[in-house]
Protein chains: 2
Amino acid sequence: MATGRTHRPATRSRGIPEATVARLPLYLRALTALSERSVPTVSSEELAAAAGVNSAKLRKDFSYLGSYGTRGVGYDVEYLVYQISRELGLTQDWPVVIVGIGNLGAALANYGGFSARGFRVAALIDADPAMAGKPVAGMAVQHTDDLEKIIEENGVSIGVIATPAGAAQQVSERLIAAGVTSILNFAPTVLSVPDGVDVRKVDLSIELQILAFHEQRKAGEEAAAAATEPGSAVGGAAPAAAVVPPAGRTTAEARKGGPEGDVPAVMPA
Amino acid sequence: MATGRTHRPATRSRGIPEATVARLPLYLRALTALSERSVPTVSSEELAAAAGVNSAKLRKDFSYLGSYGTRGVGYDVEYLVYQISRELGLTQDWPVVIVGIGNLGAALANYGGFSARGFRVAALIDADPAMAGKPVAGMAVQHTDDLEKIIEENGVSIGVIATPAGAAQQVSERLIAAGVTSILNFAPTVLSVPDGVDVRKVDLSIELQILAFHEQRKAGEEAAAAATEPGSAVGGAAPAAAVVPPAGRTTAEARKGGPEGDVPAVMPA
DNA sequence: ATGCCTTTGTGAACGCGTGCACAAAGATTG
DNA sequence: CAATCTTTGTGCACGCGTTCACAAAGGCAT
């Protein structure tokens, strides 16, 4: 039910897999680019390449939306842009509030991609009285006291939290109480919200830590590979204590402690 | 996200599932908070609640790291902090460069969470000559011309891209050529990188679109529910339906009726 | 020591997502 | 119209991730 049509076979847009939904914006972006270049049609292979996914996956994704392709030809770009936009709800207007106008909040407010697709920054809200009235991205910052009023008057259902971690939970509660049902959280905290409220989080710190993990793993494998020369690989065992300095990256500080295999420093009783 | 890493069966005893890796930073954050409160031990149930996950999942996650718990008691907080930190590679120092010092790049540079855990901003890089030398977050911005030199001299293996979409691919190529093997991409573009390079993307626009999808779905369900009981209007913060007519269907003019035969009807308002 | 109580660690079942491979559908050409 | 070629749509199998449920393990009181 992209909309409220009740007569529609429930199998259509009701059950779109979450993984597919997450890729639709990707397809939409690629399609928009094609559209601007006035490309009339595109094959699943081409579009998949542009979106960085497997073509079979793309076709399956589109099959959840309906049969919008033409065999032997491909997909009509304009038509697909419209269908995906509609499915994602981008044919509507979504007023959004940003709470917490610090460095990040201000950057988000200035971000052009916001208004690009149906999203409109309805208000910027900050708890600091000194911020109130100040113009950010051509818009006066409003004080947290008016949060509820702003939400209700503008019919806001999506809120963006860019406050410090300590304030995030409370802000989310106020947003939700005022009627917000979707939150995009930039604060490094786990928000606990009632059922029916969607939360997506963007966490720089976590992303970096995940990258660091893989980076360390790569360094470990490199070291292990280098060690393959002398004695054969250690088999299924762990990268062992192959604490060989990463090849080619010997600059900077000497990496203390290898990838793994060093002895635990502390082991409490 | 990550592109490469297809080989490597990951069947290794040390092979930690990707999903688990993604949660480790979450656990670490919760554990750090406990540590600061001097809590000595924590049960899987408590920690899981703090991290917002299922306790069985948490125990299984930890089981990949080894048996660090004590039955009947729980996990030693300090010890676990250390183990996870080590596993994530946070006991090392990770110099990072941020490329693209616009609103977002500057916000990232000022973000405290960076230096918090082993990550150190080694340099801020921008293509605008006017930016060169300017201080941002207490650090002079450097020009893109010196990118390669900076990477090599500082042994940088992680790069953050905060440039406009158009510049991102080229920047990534230069970073990779200079030795970077992990990229955190904030630009709204799909980066194509060689195997062995990890890319994680943070895309505000995509997150919002995913939220919009669910928001629309919720509104549709509400409307459908309301339709069952005629009379009651939809309350809440559902945005006004501003349905746009289908874009010009140039090529497939005389196509079969519509998407599913229906023109986007306005929601039962 | 013995028995009870708490909590971990994990076997097993299930569901989701992915990718292969191919038949069917439509365009296109002769 | 028939043959051929291109590309979609999808059945199927596989692997990963999640969750349940429980036996084993350790602490603690008696």
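By convention in this document, chain letters (A, B, ...) are assigned in the order of the sequence lines, proteins followed by strands, and residues within each chain are numbered from 1. The basis for the numbers below is simple: all heavy atoms, side chains too, and nothing from hydrogens, waters or symmetry mates.
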Chemist: Just how far, in rounded Å, is C1' of D/dG26 from CG of B/Asp76?
Modeler: 15 Å

Chemist: Under 4.0 Å between any heavy atoms, over every strand shown, what does B/Phe62 touch: base, sugar-phosphate, or nothing? Just pick one.
Modeler: nothing

Chemist: Do B/Glu87 and B/Gln83 pair up side chain to side chain, a donor and an acceptor below 3.5 Å, judged on atom types alone?
Modeler: no

Chemist: Report the distance from atom CG of A/Leu58 to atom C1' of C/dG19, rounded to the nearest whole Å.
Modeler: 13 Å

Chemist: With A/Ile161, which of A/Leu184, A/Val202, A/Val199, A/Leu191 fulfils side-chain contact (heavy atoms from CB on, under 4.5 Å)?
Modeler: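 For A/Ile161, the side-chain contact (heavy atoms from CB on, under 4.5 Å) test succeeds with only one of A/Leu184, A/Val202, A/Val199, A/Leu191, which is A/Leu191.
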
Chemist: Can you check whether any acceptor in the base of D/dT18 is under 3.5 Å from a donor in the side chain of B/Lys60, or vice versa?
Modeler: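 When only heavy-atom distances are counted, B/Lys60 does not reach the base of D/dT18 through any donor-acceptor pair under 3.5 Å.
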
Chemist: Using the rule given for side-chain hydrogen bond (donor to acceptor under 3.5 Å, both in side chains), can you reason through A/Thr32 versus A/Glu36, listing the C-alpha separation, both sets of side-chain angles and the distance that settles it, and then say yes or no?
Modeler: CA-CA 6 Å; A/Thr32 303; A/Glu36 283 168 2; over 6 Å; no

Chemist: In whole angstrom, give the distance that lies between atom OH of B/Tyr75 and atom C1' of D/dG27.
Modeler: 16 Å

Chemist: When the distance from NZ of B/Lys57 to C1' of C/dC16 is rounded to whole Å, what number comes out?
Modeler: 13 Å

Chemist: Name the closest nucleotide to the A/Arg59 side chain, picking from C/dG19, C/dA27, C/dC22.
Modeler: C/dC22

Chemist: Could you work out which one of D/dT8, D/dG17, D/dC20 sits closest to the side chain of A/Ser43?
Modeler: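 For the A/Ser43 side chain, the nearest candidate turns out to be D/dT8.
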
Chemist: Send over the distance from B/Asn54 CG to C/dG15 P, rounded to a whole Å.
Modeler: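 B/Asn54 atom CG is separated from C/dG15 atom P by 16 Å.
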
Chemist: Please state whether the phosphate of C/dT8, meaning OP1 or OP2, lies under 4.0 angstrom from any side-chain nitrogen or oxygen of B/Ser44.
Modeler: yes

Chemist: Between the side chain of B/Glu46 and the main-chain N/O of B/Ser43, is any donor-acceptor distance below 3.5 Å?
Modeler: yes

Chemist: Given atom CD of A/Glu18 and atom P of C/dC16, what is their separation to the nearest angstrom?
Modeler: 12 Å

Chemist: Please tell me which of the listed nucleotides, C/dT18, C/dG26, D/dA21, lies nearest to the side chain of A/Ala19?
Modeler: C/dT18

Chemist: When you match A/Pro17 and B/Gly72 each to their closest nucleotide on DNA chain C, which lands nearer the 5' end?
Modeler: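 Its nearest nucleotide lies further toward 5', so the answer is B/Gly72.
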
Chemist: Starting from C1' on D/dT8, measure out to CG on A/Leu65 and report it in whole angstrom.
Modeler: 14 Å

Chemist: Look at the side chain of A/Gln169 and the backbone N and O of A/Ser192, then say whether any donor-acceptor pair between them is shorter than 3.5 Å.
Modeler: yes

Chemist: Expressed as a whole number of angstroms, how long is the span from B/Arg71:CZ to D/dA23:P?
Modeler: 13 Å

